[in-house]
Amino acid sequence: NTPQLTHTDPETGKASMVSVTDKAPTHRTALAVSSIWLPGVAFDLLKRNGHKKGDVLTVAQIAGIQAAKQTSNLIPLCHPLLLTHVSVDLKLGGLRGGRVDIESRVACMGNTGVEMEALTGATVAALTVFDMCKAVGKDMVIGEVKVMEKTGGKSGTYKHNQ
C-alpha cells in the first residue's frame, strides 16, 4: 500500500474533489493552534485594550469563527460542511514582548473531517490580530499553525506529537 494524495487523480495527476458519498457520517472534531508574537508597544496596548481599532481579541475571535465557517469558499477542494460547533480562544502569554496563543475547535456530524476548518479559524484569528496591531508595529511573527488533535472518521483519533 503506497500512500497517495487524495485530491489528485492517480492516472492523470489532475486535481479533483474527493467523493465522500459512501462515507458514513460520524461525529468529527478538530483542534488547531496558532500564535502571534507582538512587539512590546503593541502587546501593551493589547493587554490594556487600548488599540484605536477596538477590542483586538474579540474581533480576532469573531473573524476566526467566521473564517472556519467559510473554509470551503477559500480552499477550492474542501467540502462545504454543516458545522455544529466552532470556538476560537485567544490568550495572552509570552516572555519577551508578548504572544497571543490561539486555539480553534471545530465539530460536525458529517462524512469528512474538520481539520481544515480548525486550521483556517486559527490562522485568520492570527491574521486579524496582525491587521489590527500593524499601525503600532509591524514586527510581528505568526507562529506555527498545526492540528493538535482530531477525532472521528475512518482514521480515528489523532494527537500531535508535541
Side-chain angles (χ1 to χ4, degrees), residues 3-9 14-21 23-38 42-43 46 51 53-94 98-135 138-162:
Q4 290 185 326
L5 297 175
T6 58
H7 288 81
T8 55
D9 182 299
K14 292 186 177 185
S16 65
M17 189 174 200
V18 173
S19 174
V20 295
T21 306
K23 286 183 163 184
T26 62
H27 182 249
R28 297 165 183 262
T29 66
L31 165 64
V33 297
S34 67
S35 58
I36 181 167
W37 285 264
L38 294 88
F43 190 71
L46 185 66
H51 280 273
K53 291 186 177 183
D55 183 345
V56 174
L57 298 179
T58 298
V59 173
Q61 176 187 35
I62 294 168
I65 292 168
Q66 186 67 20
K69 294 171 19 180
Q70 295 297 316
T71 300
S72 67
N73 291 326
L74 301 169
I75 301 175
L77 301 178
C78 277
H79 293 84
L81 300 176
L82 181 58
L83 303 180
T84 57
H85 176 76
V86 179
S87 67
V88 176
D89 296 307
L90 296 93
K91 294 185 175 100
L92 302 181
R99 186 181 73 228
V100 178
D101 294 315
I102 303 163
E103 288 189 349
S104 174
R105 295 180 184 275
V106 179
C108 81
M109 186 68 181
N111 49 3
T112 190
V114 291
E115 297 93 347
M116 295 309 298
E117 288 73 11
L119 287 165
T120 301
T123 303
V124 169
L127 290 170
T128 301
V129 171
F130 190 106
D131 179 53
M132 293 187 72
C133 295
K134 69 185 181 214
K138 293 176 182 54
D139 291 332
M140 293 176 274
V141 176
I142 294 175
E144 284 187 323
V145 178
K146 57 189 171 187
V147 173
M148 295 304 295
E149 68 180 56
K150 77 94 180 165
T151 65
K154 184 173 72 171
S155 63
T157 299
Y158 162 83
K159 289 192 184 270
H160 187 273
N161 294 329
Q162 300 174 11

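Quantities reported herein were computed from a predicted structural model and do not represent experimental measurements. Values below: every heavy atom of this structure, side chains too, minus hydrogens, waters and symmetry copies.
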For this session: Locate the shortest heavy-atom distance separating Ser155 from Lys150; write the atom from each residue and the value.
Result: OG-NZ, 2.8 Å
Seminar exercise, completed: In this structure, CD1 of Ile62 is separated from CG of Leu57 (nearest 0.5 Å) by 11.5 Å
Problem set entry | Non-neighbouring partners of Gln61 that pass side-chain contact (heavy atoms from CB on, under 4.5 Å), sequence neighbours left out | Ile65, Val88, Asp89, Leu90
Exercise. Is a side-chain donor or acceptor of Arg28 paired with a backbone partner of Gly110 at a separation under 3.5 angstrom?
Worked result: yes
For this session: Only counting residues at least two apart or in another chain, list the ones meeting side-chain contact (heavy atoms from CB on, under 4.5 Å) with Thr84.
Result: Ala107
Exercise. In Å and rounded to the nearest 0.5 Å, what is the OG1 to NZ distance from Thr112 to Lys23?
Worked result: 4.5 Å
For this session: List in chain and number order the residues that pass side chain to side chain donor-acceptor pair (under 3.5 Å) with Thr58, two or more places apart in sequence or in another chain; answer none if no residue qualifies.
Result: Asp55
Exercise. Thr26 side chain to Gly152 main-chain N or O, any donor-acceptor pair under 3.5 Å?
Worked result: no
Exercise. Mind checking what makes side chain to side chain donor-acceptor pair (under 3.5 Å) contact with Asp139, not counting sequence neighbours?
Worked result: none
Problem set entry | By side chain to side chain donor-acceptor pair (under 3.5 Å) - contacts of Thr157 (at least two apart) | none
For this session: Would you mind listing every salt bridge (Lys or Arg N to Asp or Glu O under 4.0 Å) that reaches into residues 104-125, with sequence neighbours excluded?
Result: Glu103-Arg105
Exercise. Taking only residues two or more places apart in sequence or in another chain, which ones pass side-chain contact (heavy atoms from CB on, under 4.5 Å) with Pro76?
Worked result: none
Exercise. Taking atom OG of Ser72 and atom NE2 of His79, what is their separation to the nearest 0.5 Å?
Worked result: 10.0 Å
Exercise. Which heavy atom in Leu83 sits nearest to a heavy atom in Val86, and how many Å separate them?
Worked result: CD1-CG2, 3.6 Å
Exercise. Taking side chain as C-beta onward, heavy atoms only, is Val33 less than 4.5 Å from Val145?
Worked result: no
Exercise. side-chain contact (heavy atoms from CB on, under 4.5 Å) with Ile75: which residues, sequence neighbours excluded?
Worked result: Thr71, Cys78, Met116, Thr120
Exercise. Looking at residues at least two apart in the chain, or sitting in another chain, which of them share a side chain to side chain donor-acceptor pair (under 3.5 Å) with Thr123?
Worked result: none
Exercise. Are the side chain of Ser35 and the backbone N or O of Asp101 linked by a donor-acceptor pair below 3.5 Å?
Worked result: no
For this session: Measure the CG-NZ distance between Leu31 and Lys146 for me, rounded to the nearest 0.5 Å.
Result: 10.5 Å
Exercise. Which heavy atom of Ser104 sits nearest a heavy atom of Ala122, and at what distance?
Worked result: CB-N, 3.6 Å
Problem set entry | Cys108/Val106 under side chain to side chain contact (heavy atoms under 4.5 Å, CB included): CA gap, chis, key distance, verdict | CA-CA 7 Å; Cys108 81; Val106 179; 5.9 Å; no
Exercise answer: donor-acceptor pairs, residues 126-135 side-chain atoms, under 3.5 Å, sequence neighbours excluded:
| unit_1 | atom_1 | unit_2 | atom_2 | d |
| --- | --- | --- | --- | --- |
| Thr128 | OG1 | Val124 | O | 2.8 |
| Asp131 | OD1 | Lys134 | NZ | 2.7 |

Seminar exercise, completed: Those residues at least two apart in sequence (or on a different chain) that pass salt bridge (Lys or Arg N to Asp or Glu O under 4.0 Å) with Lys159 are Glu149
For this session: Locate the shortest heavy-atom distance separating Val147 from Tyr158; write the atom from each residue and the value.
Result: O-CE2, 3.7 Å
